[in-house]
Amino acid sequence: MAIQKDFLTDIKPTWCPGCGNFGMWTALAQAYVSLGLEPHQVFMSFDIGCCGNGANWHNVYGFHSLHGRALPVATAVKFANHDLTVVAIAGDGGGLGEGGNHFLHASRRNVNMTFIIHNNERYSLTTGQTSPTTKPGQKTKTALSGAIDEPLNALQLALTAGATFVARGYSDEVTHLKALYEKAIAHPGFAVVEVIQPCVIFFDDENIRERYKPKLHKLEDEKWSPNDRQAAYVRSGDWENIAIGVFYQEQRPTYESHMPQLATTSLLKQKPKQDISRLMKQFQ
Amino acid sequence: MPKDSEQVLTWKIAGIAGGGQQVAGLIFAKACARGGLYTFDSSEYPSLIRGEFVTYRLSISTSPVSAIYQPNQLLIALTKEAYEYCLSDVVPGGAILYDSDKFKVEAKNVRGRKVFPLPLKTLSESAGVKPIAANILAIGATTALLKYDPDIVKRTLQEVFSAKGQEVVAMNLKAFDFGYHYAQKEFDPAAFPFTLTPAKKRGSQILVTANDTVALGAVAAGCQFFVAYPMTPSSSILHNMMNWADETGMLVFQPEDEIAGIHMAIGGMFAGVRTMTATSGGGFALMNEALSLTAVTENPLVLVESQRPGPATGLPTWTEQGDLAYVSRAGHGEFPRVILAPGDASEAFPLTGLAFNLAEKYQIPVILLLDKYISEAHESIAPITQKFTVDRGARLTDAQLTKIKEYKRYLHTTSGISPRAVPGQLNGIFLANSDEHDERGYTIEGFQGPERVRQVDKRFRKVSRIHAELPKPMLIGPKKAALTFIGWGSTKGPMLEALKELKNVNYLHVSAPWPISEKVMKTAVSGARKLVAIENNATGQFAELLRGATGIKVDDVFLKYDGAHFFPHEIIAKAKKLG
Ligand SMILES: Cc1ncc(C[n+]2csc(CCOP(=O)(O)OP(=O)(O)O)c2C)c(N)n1
Ligand code: SF4
């Protein structure tokens with residue numbers, strides 16, 4: 001049985017002290033342990049960003065992809081070897097900006113994997129520019145008089161695009177987050193977990209954590225039942241009275257289950273059929 | 001067989017897109033193949049589904065024919081526009097059958113070409129067949145005029161349409177017979193100087209495009225996952241793979257865009273499954289960042305790029321060899337890659353097998369560079385019997401991994417190749433990292449110059465071994481000649497045909513245009529007295545790459561970039577001028 005330490009490499013994290021990413025890292029390793037997974041059974045693909053730098057200290061099979069491109073690599077690895085537990089990591093920039101198209105299509109496709117979005121409302125690695133989730137009016141290096149665009153809401157996008165598991169966590173609520181990750185990974189389908197992740201450097205509000213505290217509410221405490229897509233859409237859109245927990249979950253056959261090619265074993269375990277003699281008939 | 005234009009007879013049908021001429025043409029090609037004749041076809045069409053001018057040409061011969069000929073002996077013109085556009089290509093003594101229900105030609109003889117009215121609508125109506133069968137009626141008239149064996153054509157019709165039911169078969173046979181007898185009666189075939197005689201020896205043949213043989217090659221190479229976003233002229237690879245999926249067990253997937261496509265191809269290979277993607281120039285442009293990703297992660301990639309004329313959307317359904325220089329340099333940063341450019345459908349098959357082996361053995365991107373011409377032209381070849389030896393490269397078994405104390409995916413080795421593990425294997429955990437990294441895959445940022453240099457050198461160390469595995473330039477024609485053409489990819493076919501007529505000329509065919517080995521190329525051109533690059537582009541891209549890599553300077557270039565491929569007679573004329 002693996003323990004938490006087994007999921008960490010010997011590389012020292014380079015995240016800033018106090019960064020929300022630490023809580024997410026811990027919660028994920030703990031979730032893997034609780035699910036009884038071994039490091040070699042897990043595949044993670046990472047975006048580029050502060051979040052993606054975590055590729056170096058997660059001890060699992062990893063692919064540190066290009067900016068915006070965690071999902072297509074993850075999808076393909078799942079197609080090739082569906083015995084693996086597959087988790088993709090991106091920031092709000094990579095997940096909703098550069099890779100927004102992949103996010104929409106992964107949501108409707110429903111491949112059995114988990115997508116974790118580190119939402120710090122900034123492009124942090126590139127020193128704090130506006131991101132797709134930056135609140136209007138927020139001043140950044142690239143919005144000198146305050147951001148103009150309406151922010152994207154990752155969960156509302158996921159819901160409208162057809163994702164079958166939609167949840168939100170908070171990086172400082174490690175135990176709660178660990179439970180969310182477990183549910184997401186156990187969910188048979190595309191599971192989206194947006195995590196509110198304070199960036200201590202580029203949130204110009206030093207008391208960001210203090211400000212979040214009174215606004216955050218656990219859905220469990222609201223006796224929420226996660227089976228109403230429209231209710232989930234409305235509740236996940238409230239940024240004053242912010243809810244964390246599972247907004248929505250639905251059982252829909254995964255993409256893989258529609259593929260007769262994957263019905264028995266993984267592609268990796270199959271012996272390819274290389275005989276072309278029958279295929280040539282159509283050309284006669 | 002015709003006497004002039006040597007051994008080749010070219011038949012052409014021209015009309016409106018959506019009229020089914022291509023389908024009818026291909027049936028006639030199959031009927032020729034069943035009679036032991038060799039064929040090569042080519043379609044010209046705009047990027048529309050319906051309503052515009054299209055042509056289908058078929059060059060037929062008793063010996064293998066590897067290009068389409070421009071002069072034709074028999075033209076079927078279904079519209080006035082088609083008639084006017086195609087008239088000049090018909091040889092003196094040739095014939096034009098025109099749809100006299102659509103337009104009128106008063107003369108019976110136009111500059112030495114016989115003109116026959118073929119009222120397709122009227123004839124279809126009296127035959128009692130649907131308008132869609134009018135093309136088959138025209139095939140009937142063709143068969144009569146060329147004095148070809150009608151039973152062979154009818155057998156072909158039966159085989160082709162059998163899947164659509166007896167009613168469809170019966171209708172097409174009826175249309176054929178009607179056209180055949182009409183021509184017998186009205187056109188006096190005996191007076192027509194061109195005849196198509198079935199061969200005595202009839203081996204079985206297949207009619208395939210290079211896209212078909214690439215798809216077959218991928219299956220034969222053990223490809224299990226194919227992912228591609230549609231783009232002409234690469235799409236028929238996707239369609240083939242889809243149609244075959246039940247039989248091959250291949251996972252065939254249409255992603256949201258080419259960027260997803262290439263990342264999925266990378267992911268599939270990363271996970272240990274042979275994967276391929278295909279696109280054209282525009283889609284390839286979207287894939288460029290990821291091409292560079294395959295390099296730094298040393299992840300195998302097999303990618304098909306079938307070129308069409310650019311820039312941008314360009315001429316989407318026409319042909320050009322305009323992307324070689326681009327593909328040889330595409331992607332940011334410096335890294336080795338291989339470009340294989342088959343000259344025809346036959347060559348595309350083994351090169352696809354080679355592409356997979358090179359990609360996995362050297363953990364590099366390998367690009368199969370085709371173009372619209374060979375991607376869509378059907379060539380009759382003998383059924384493929386070649387079986388590939390699959391080389392999956394240095395892959396560690398579970399047993400080997402358990403013996404390794406600390407597995408290093410990017411271990412510095414003398415060959416530059418580091419043994420791979422795939423996800424799921426115990427003891428093989430590593431990070432494939434788009435950041436420059438150390439031997440384990442972990443990011444090295446700043447202050448680690450020496451490790452960076454070691455990684456770059458490791459990746460480039462593979463190149464000398466790669467050179468040794470690439471197909472050498474192939475000299476076709478006489479050993480010594482006054483004039484040597486040098487080309488790559490699809491110029492091969494028209495060159496081969498031209499050489500049948502040219503004496504003191506030979507052709508150096510390069511099917512692996514990148515990377516270029518100075519030693520190999522200097523040897524290859526050493527006997528050339530006058531070296532002329534022949535390329536289907538505006539700037540002589542291979543000639544430029546050759547000069548950059550070896551200092552070899554061609555004496556002249558022969559370029560074409562009007563959207564069409566070379567025709568044999570153009571090469572012959574050029575050679576005569578140069579020689
Ligand atoms: C194609 C490309 N464009 C831009 C960048 C530069 N870049 C790196 S990370 C990043 C954004 C990071 O923001 P986010 O995705 O939200 O992740 P965070 O750093 O906040 O965790 C950008 C723009 C890049 N690496 N690649
Ligand atoms: S810049 Fe922000 S997001 Fe990045 S490591 Fe520092 S605190 Fe975390």
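Hydrogens, waters and symmetry mates are skipped; everything else that's a heavy atom, side chains included, is used. Chain A is the first sequence line, chain B the second, and so forth, proteins listed ahead of strands; every chain is numbered from 1.
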Closest-packed option against chain B by number of heavy-atom pairs under 4.5 Å, given A:Gln41, A:Arg278, A:Gln270: A:Arg278
Distance-minimising heavy-atom pair for B:Leu431 and A:Phe63: CD1-N, 3.9 Å
B:Phe253 and A:Phe79 aromatic ring geometry - parallel, tilted or perpendicular at 30°/60° bounds: perpendicular
Interface moiety of A:Met280 toward chain B, non-hydrogen atoms closer than 4.5 Å: both
Side chain to side chain, B:Asp212 and A:Gln282, heavy atoms closer than 4.5 Å: no
Non-hydrogen side-chain atoms of A:Gln261 and B:Gln224 separated by less than 4.5 Å: no
Toward chain B, the part of A:Val60 with a non-hydrogen atom under 4.5 Å: backbone
Leading residue by heavy atom contact count with chain B [cutoff under 4.5 Å; candidates A:Asn59, A:Leu71, A:Asp83, A:Leu104]: A:Asn59
Structural part of A:Leu267 lying under 4.5 Å from a heavy atom of chain B: both
Contact origin within A:Ile48 toward chain B - heavy atom pairs under 4.5 Å: side chain
Part of A:Thr75 lying under 4.5 Å from any heavy atom of chain B: side chain
Chain B contact via A:His102 - side chain, backbone, both or neither, heavy atoms under 4.5 Å: both
Sub-4.5 Å side-chain heavy-atom contact between B:Ile259 and A:Leu66: no
Interchain contact, A:Ser266 with chain B, by part (heavy-atom threshold 4.5 Å): neither
Chain B contact via A:Asn56 - which portion, at a heavy-atom distance below 4.5 Å: both
Which of A:Leu84, A:Asn81, A:Leu262, A:Thr14 touches chain B most, by non-hydrogen pairs under 4.5 Å: A:Leu84
